[in-house]
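Note that these values count all heavy atoms, side chains included, but never hydrogens, waters or copies made by symmetry. Whatever order the structure lists ligands and atoms in, that order sets their numbers, starting from 1.
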Amino acid sequence: MARVVVIGAGVGGLAAAARLAAAGHDVTVCEQSSRIGGKLGWYERDGYGFDTGPSLLTMPGVFEDLFAATGGPLRAELDLRRLDPIASYRFADGTTLAAHADDDAFAAELDERLGAGAGSDWRRLADRAARVFDAAEGPFLSSPVRAGGLARLAWASPGDVAAVAPGRGLRGLGRSYLRDPRLRMVLDRYATYSGSDPRRAPAALVSVVHAERRFGGWYVPGGLRRLGEAIARRAEDRRARVLLDTRVLRVTRTPGGRVDGVRLADGSQLPADIVVANVDAAALYGQLVDDRRGRRHVQRATRSMSGFVLLLALSGRTPGLGHHTVTFPADYDGEFDAVFAGRLADDPAVYLAVPADPACAPPDSEAWFVLVNAAPHAPAAGRPGVRGLDWDQPGLADGYARHLLDVLAARGFDVRSRLQWYKTITPADLARRTGSVGGSIYGGSSNGARAAFLRPPNAARVPGLFLVGGSTHPGGGLPLVVLSAGIVAGLVGPA
Ligand SMILES: Cc1cc2nc3c(=O)[nH]c(=O)nc-3n(C[C@H](O)[C@H](O)[C@H](O)COP(=O)(O)OP(=O)(O)OC[C@H]3O[C@@H](n4cnc5c(N)ncnc54)[C@H](O)[C@@H]3O)c2cc1C
C-alpha cells in the first residue's frame, strides 16, 4: 500500500483518488478551495442555480466504468438524462438546425434546413470520425503516451494512422467533406472543445464528433456538479480523505529525487510515496516542482482558450428554447483571430445552456449560462511576448457582458427586459478559483498538427509523480479527465 497525495479535487483528481483508494492505497486529496469539483463549478443565488463550467456530458460509459471499477454502478448514484436534440444551431443568415441525437433524423434535418446533400456530406464525415475514434480509442485515449501517441498508432496499424491524418488540419478535413459553409462552422466548433483554433487544430479532433454522436449528449438533473459530488462520495466511501482549504505549495523530494510528500500552505508537510497532480501542468512545473524539461514542455505549447461566462437570471420563459443553443456569427474566423491575439471577440459564437430543471430556476423563470471563447488572463498583457488580456481591468467584464447582451438581442434573443441580475466569470476568476494558468480551460491547446499527441505525459520524469486532468494526456473535457485517472491508476498499480 502506497501513501498517495492527490493535489486538487477536480474531476480528474477525485476520479484518480477513487480508483487508487479502491486499489488499496492510502489516499489523501488536498484541495485549495472550500469546494470540490474544480472547473465543474456551481453558483446559486435567489433561487437560481447555474453550472458554471461543463454543461454537456458525453461518453457516459467512461463514468460508468469508473463507478463499476470502484464499487457499484453509476446509475445507483446519479440519474443521467439523454438530450435530444443535443444542441440547436442558429446561423447569421437566420437558418436554424437541430442536432438530433438520431443519425437519420439529423441527416434529414440537414437536407431540409441546409439543402439536399448536406445530410450525406455529414454522414461521410461522421464515418471518417468513427474510424478516427476507433483508431485512437485504445492506443491513445486509454493508454499513457510516453514516446508519442502517433508512434504507437503506427505500430498498431498504418491504416489507423491514415484515418487519423496526422499532418492534416480539422479545417482542411471539413473543406474536403462538407460543401455547406454553415456545416463547416459546426465542425470547426469541435476544435473549441479543446480550446483550440480550428484552422490549426489537427484533423484527429473530428473524433469528438463521433464521441458525441455515438454516445450522445447528457445532462445530470440537479446540475452537472452532481457528478463531481458523486465521484467524491465514491472516493470517500473507499476511505480516501478529501481535505478542503488545503493548498499545496510544493512537491517535496528525497535527495535522490523521488517524491516524498507535499508542503502545505500552513507550513506542514504531508508525507507520500506517490503524488498525483491534478493542478494545471503549467502550474505544476512552474511553481510546485523543479523539472526543467517538464517546464520547457508546457512552455512550448500555445495556451488553450479560456471562456467568458455570463450567468443570467431571467424572469419568464423563452418559447421554443432548447437545452443547448449555439448562435454563430457571420465571420467565425474573426473570433479566433481576436482571441488568439489576446483581444475581445466583438462578434463571437455564443453558447447558451438553459436546462429545463426546477433545480436551476424558480417557476416561470430561466437561468441562462452564456459562454463565449476568450483570451486567457494575462495581467502583463501588452508587454512584448505576453499574449492574453488583463481581465481585471476595471469595467472590462461588465462592459463585455452588456455587449454580449446586445449581440444576443441582435441574434433574436433579446432578454434585456427580463433580466433580474447577472454575474460574470472571467478567465481571471477561473484562474483564481481553479489554479489554471491564465484561466485556460484545457491547459495547452491542440493548435498544431501534433499538439494533441504531445501533451505533458501522465508519468512525470520525477519518480513517484503523476499527472491527471485536463492539461495532461489525453486532454480536457470530463470524459477525458476521467480516462486520465484510469491511466494514472494503471501506472501506479494496485497496493
Ligand atoms: C466554462 C467551462 C465550460 C466547460 N464545458 C464543458 C462541457 O460542456 N463538457 C465537458 O466535458 N467539459 C467542459 N469543460 C471542461 C471541464 O470542466 C474540464 O476539462 C474538467 O472539469 C477539468 O478537470 P480537472 O481534473 O483537470 O481539474 P480542474 O477542474 O482543473 O481542478 C483542479 C483542482 O485543483 C485545485 N488546485 C489547484 N492548485 C492547487 C494547489 N496548489 N493545491 C491544492 N489544490 C489545487 C483547484 O482548486 C481545482 O479544484 C468546461 C470547462 C469550463 C471552465
Closest protein heavy atom to atom 26 (O) of ligand 1, given as residue, atom name and distance to 0.1 Å: Gly470 N, 2.8 Å
Compare every heavy atom of Ile441 with every heavy atom of Lys39, then report the nearest pair and how far apart it is. CE-O, 3.5 Å
Atom 46 (C) of ligand 1 [closest protein heavy-atom partner, distance rounded to 0.1 Å]: Thr434 O, 3.3 Å
Among all protein heavy atoms, pick the one closest to atom 6 (C) of ligand 1 and tell me residue, atom and distance. Pro54 CA, 3.3 Å
Please determine if Asp26 and Arg241 form a salt bridge, counting it only when a charged side-chain N lies under 4.0 Å from a carboxylate O. yes
Pair Thr70-Arg234, side-chain donor/acceptor within less than 3.5 Å: yes
Output the list of atoms in ligand 1 that are nearer than 4.0 Å to some heavy atom of Val11, sorted by atom number. 25 (O)
Do we see a donor-acceptor contact under 3.5 Å between the side chains of Thr246 and Gln32? no
Does a donor on one side chain and an acceptor on the other come within less than 3.5 Å for Tyr351 and His324? yes
Could you see which bit of Thr246 sits under 4.0 Å from ligand 1, with heavy atoms only: side chain, backbone, both or neither? backbone
Provide the number and element of each atom of ligand 1 under 4.0 Å from a heavy atom of Gly469. 25 (O), 26 (O)
One finds that the ligand 1 atoms under 4.0 Å from a non-hydrogen atom of Cys30 are 43 (C), 44 (N)
Between Val481, Ile425, Leu371, flag the one that comes closest to atom 22 (C) of ligand 1 by a heavy atom. Val481
Pairing donors with acceptors under 3.5 angstrom, does anything connect the side chains of Glu137 and Ser142? no
Show every donor-acceptor pair shorter than 3.5 Å between a side-chain atom in residues 58-66 and any protein atom, with sequence neighbours excluded, or say none if there are none.
residue	atom	partner	partner atom	Å
Glu64	OE2	Arg75	NE	3.1
Glu64	OE2	Arg75	NH2	2.6

Can you confirm if the aromatic rings of Tyr332 and Phe91 lie within a centre distance of less than 6.0 Å? no
Parallel, tilted or perpendicular for Tyr190 and Trp122, by the 30°/60° rule? tilted
Please report, to 0.1 Å, the donor-acceptor pairs under 3.5 Å made by any side chain of residues 475-491, with sequence neighbours excluded.
residue	atom	partner	partner atom	Å
Ser484	OG	Gly469	N	3.0
Ser484	OG	Val481	O	2.7

Within 45° cone and under 6.0 Å: Arg81 NZ/CZ vs Trp218 ring: no
Which protein non-hydrogen atom lies closest to atom 31 (O) of ligand 1, naming both residue and atom, and how far is it? Gly10 CA, 3.4 Å
For Ile7, counting its heavy atoms only, list the atoms of ligand 1 lying under 4.0 Å from any of them. 40 (C), 42 (N), 43 (C)
Using a 4.0 Å heavy-atom threshold (strictly under), name the region of Thr52 that reaches ligand 1: side chain, backbone, both or neither. backbone
Using a strict 4.0 Å cut-off to heavy atoms of Arg433, name the atoms of ligand 1 that fall inside it. 47 (O)
Which segment of Ile441 sits under 4.0 Å of ligand 1 when only heavy atoms are counted: side chain
Is there a donor in the side chain of Asp290 and an acceptor in the side chain of Tyr285, or the other way round, less than 3.5 Å apart? no
Minimum non-hydrogen distance to atom 28 (P) of ligand 1, winning option of Lys39, Gln287, Gln32: Lys39
When you measure from atom 35 (C) of ligand 1 to every protein heavy atom, which one gives the shortest distance, and what is it? Glu31 OE1, 3.3 Å
Do Trp391 and Phe308 make the cut of ring centroids closer than 6.0 angstrom? yes
For atom 41 (N) of ligand 1, the protein heavy atom that lies nearest, with its residue and separation: Val248 O, 2.9 Å
Considering non-hydrogen atoms of the protein only, which is the closest contact for atom 39 (C) of ligand 1, and what is the distance? Val279 CG1, 3.4 Å
If the cut-off is 4.0 Å to any non-hydrogen atom of Arg247, which atoms of ligand 1 fall inside it? 42 (N)
Closest to atom 8 (O) of ligand 1 among Ser55, Gly41, Gly12, Gly435 (heavy-atom distance): Ser55
Using the benzene-type ring in the case of Trp, are the ring centres of Phe50 and Trp42 under 6.0 Å apart? no
Any donor-acceptor pair under 3.5 Å linking the side-chain atoms of Thr254 with those of Asp260? no
As an exercise, identify every atom of ligand 1 less than 4.0 angstrom from a heavy atom of Gly38. 29 (O), 31 (O), 48 (C), 49 (O)
Shortest reach to atom 11 (O) of ligand 1 by a heavy atom, considering only Leu478, Val468, Ile36, Leu467: Leu478
With heavy atoms under 4.0 Å as the rule, classify the contact between Pro479 and ligand 1 as side chain, backbone, both or neither. side chain
Please write down residue, atom name and distance for the protein heavy atom closest to atom 24 (P) of ligand 1. Asn278 ND2, 3.5 Å
Any N/O pair Leu56/ligand 1 closer than 3.5 Å: yes
For ligand 1, which atoms sit closer than 4.0 Å to a heavy atom of Gly8? 33 (C), 34 (O), 35 (C), 44 (N)
Compute the minimum heavy-atom distance from Tyr193 to ligand 1 and say whether it is under 4.0 Å. no
